[in-house]
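The sequence lines fix the lettering, A, B, ..., with proteins before strands; numbering per chain opens at 1. Note that these values count all heavy atoms, side chains included, but never hydrogens, waters or copies made by symmetry.
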Number of protein chains: 2
Amino acid sequence: MNIGAAAEEAGVSAKMIRHYEAIGLLRPALRRDNRYRDYGDREVHELRFIGRARRLGFSIEEIRTLLALWRDDARPSRDVRRVAQAHLQDLESRIAEMQAMAGSLRELVAHCHGDSRPDCPILDGLGAARENG
Amino acid sequence: MNIGAAAEEAGVSAKMIRHYEAIGLLRPALRRDNRYRDYGDREVHELRFIGRARRLGFSIEEIRTLLALWRDDARPSRDVRRVAQAHLQDLESRIAEMQAMAGSLRELVAHCHGDSRPDCPILDGLGAARENG
DNA sequence: GCTTGACCTTCCAATGGTGGGAAGGTGTAT
DNA sequence: ATACACCTTCCCACCATTGGAAGGTCAAGC
């Protein structure tokens, strides 16, 4: 199976597959006589794992850890849970940050009449002398 | 006022101030005989504006637009509002995406007993054959 | 006057994850 | 043979920020 087909099946771009191999996330793919990379079900399965983890926001380094655990039949689920929970907390704190941003912004937008007049609470808020306003 | 002091006052790193100047977000600072950049209240005020906008998640290009509007006494507040609202919607959709991630992840974490046993719904979820699981 | 240390200057590189594209090889169908 | 779709490696760009090297400047203390 060529890289394009594997990419299609796994939901990861061919570009990224090569990249994952280059940074050592994946073992170098087998090559045909062509020098074309050759993928089987096992590799596609791994790629799908990576794709899904990326879509859940895990970093490459986190995925490196998760893949190692995945391959290890004797891993304690505790280790997996720790990685996932740390990432979840990271996600949650980033969400909270962005919600704070959105909240302030909504406030500013709500008070701006948004017509042809120049006075604008949004610009006033950004230019204000005090940091909390 | 040297760049360090201006950075301190405005809540933006000196490194970034130079960068903002290099990319044309800020007009080149006046220089002393030293060749040191020299900042006054007006410039610090602008830097503070930029810092606040960055903290609200506006991109450099958005800030470029906002700064131009800020400097233009005759801007229609409509234009400002449009920029802010577009950014707000962008923020909101990114928040929604991340909340979806966090939700799936919470689900997985909740079902993982997290002890010394190897079976783990988190890994099962990431490795699953189906995409929606 | 000379040293020390805290500033400042410019320039180059790295981060993370992904995409774009060049330049060239390969496979397959007409 | 020709066209086209795929593959290969390689380098570059994005965005915003940080780090560091190599060197200039200033103020304080001895």
Item checked: Earlier contact from the 5' end, DNA chain D, for B/D33 and B/R54 -> B/R54

Notebook entry, point to check: What's the CZ-C1' distance between A/R64 and C/dG16, to the nearest Å?
Noted result: 12 Å

Checklist line | Closest heavy-atom pair and its distance - B/I60, B/Y20 | finding: CD1-CE2, 3.5 Å

Checklist line | Donor-acceptor pair present, A/K15 side chain and C/dG21 base, under 3.5 Å | finding: yes

Notebook entry, point to check: Between B/E21 (CD) and C/dT10 (C1'), how many Å, whole number?
Noted result: 12 Å

Check: So how far off straight is the helix from C/dG1-D/dC30 to C/dT30-D/dA1, going by the axes through five pairs at either end, to 10°?
Finding: 30°

Notebook entry, point to check: With respect to the phosphate group of C/dT18, does any side-chain polar atom (N or O) of A/S13 fall under 4.0 Å of OP1 or OP2?
Noted result: no

Check: DNA chain D: A/D38 or B/Y36, which has the more 5' nearest nucleotide?
Finding: A/D38

Note to self: Please determine whether a side-chain nitrogen or oxygen atom of B/R37 lies at a distance below 4.0 Å from atom OP1 or OP2 of C/dT9.
What the structure shows: yes

Notebook entry, point to check: Taking CG from A/N34 and P from C/dG27, how many angstroms apart are they, rounded to a whole number?
Noted result: 4 Å

Check: Taking N and O atoms by type only, does the side chain of A/Y20 place a donor or acceptor under 3.5 Å from a partner on the base of C/dG17?
Finding: no

Notebook entry, point to check: A/I60 has an atom CD1; how far is it from atom C1' of C/dG16, in whole Å?
Noted result: 8 Å

Notebook entry, point to check: Whole-Å distance between C/dT15 C1' and B/M16 CE?
Noted result: 13 Å

Next item on the list: Indicate yes or no: does A/D38 engage A/R32 in a salt bridge with an N to O separation below 4.0 Å.
Entry: yes

Margin query: I'd like to know if A/E97 and A/R94 make a salt bridge, using a cut-off of under 4.0 Å between side-chain N and carboxylate O.
Written below: no

Next item on the list: May I ask you to decide if the ring planes of A/F58 and A/H87 are parallel, tilted or perpendicular, using 30° and 60° as cut-offs?
Entry: tilted

Check: Rounding to a whole Å, what distance do you find between B/R31:CZ and D/dC26:C1'?
Finding: 17 Å

Item checked: Length of the CD-P vector between A/E61 and C/dG16, whole Å -> 7 Å

Next item on the list: State plainly whether the residues A/E46 and A/R71 are in salt-bridge range, i.e. N to O under 4.0 Å.
Entry: yes

Next item on the list: Could you check whether B/R18 gets within reach of a base, just the sugar-phosphate, or nothing at all, counting any heavy atom under 4.0 Å?
Entry: base

Check: Between A/E21 and A/R27, is there a side-chain N and carboxylate O pair less than 4.0 Å apart?
Finding: no

Item checked: Nearest-neighbour nucleotide for the A/S59 side chain, D/dT18, C/dG17, C/dT10 considered -> C/dG17

Margin query: Need one value for A/R32: base, sugar-phosphate or nothing, where a base atom within 4.0 Å counts as base even if backbone is also close, heavy atoms only.
Written below: nothing

Next item on the list: Compare every heavy atom of B/L67 with every heavy atom of B/L25, then report the nearest pair and how far apart it is.
Entry: O-CD1, 3.7 Å

Notebook entry, point to check: In whole Å, what is the span from the CD1 atom of A/I50 to the P atom of C/dG17?
Noted result: 12 Å

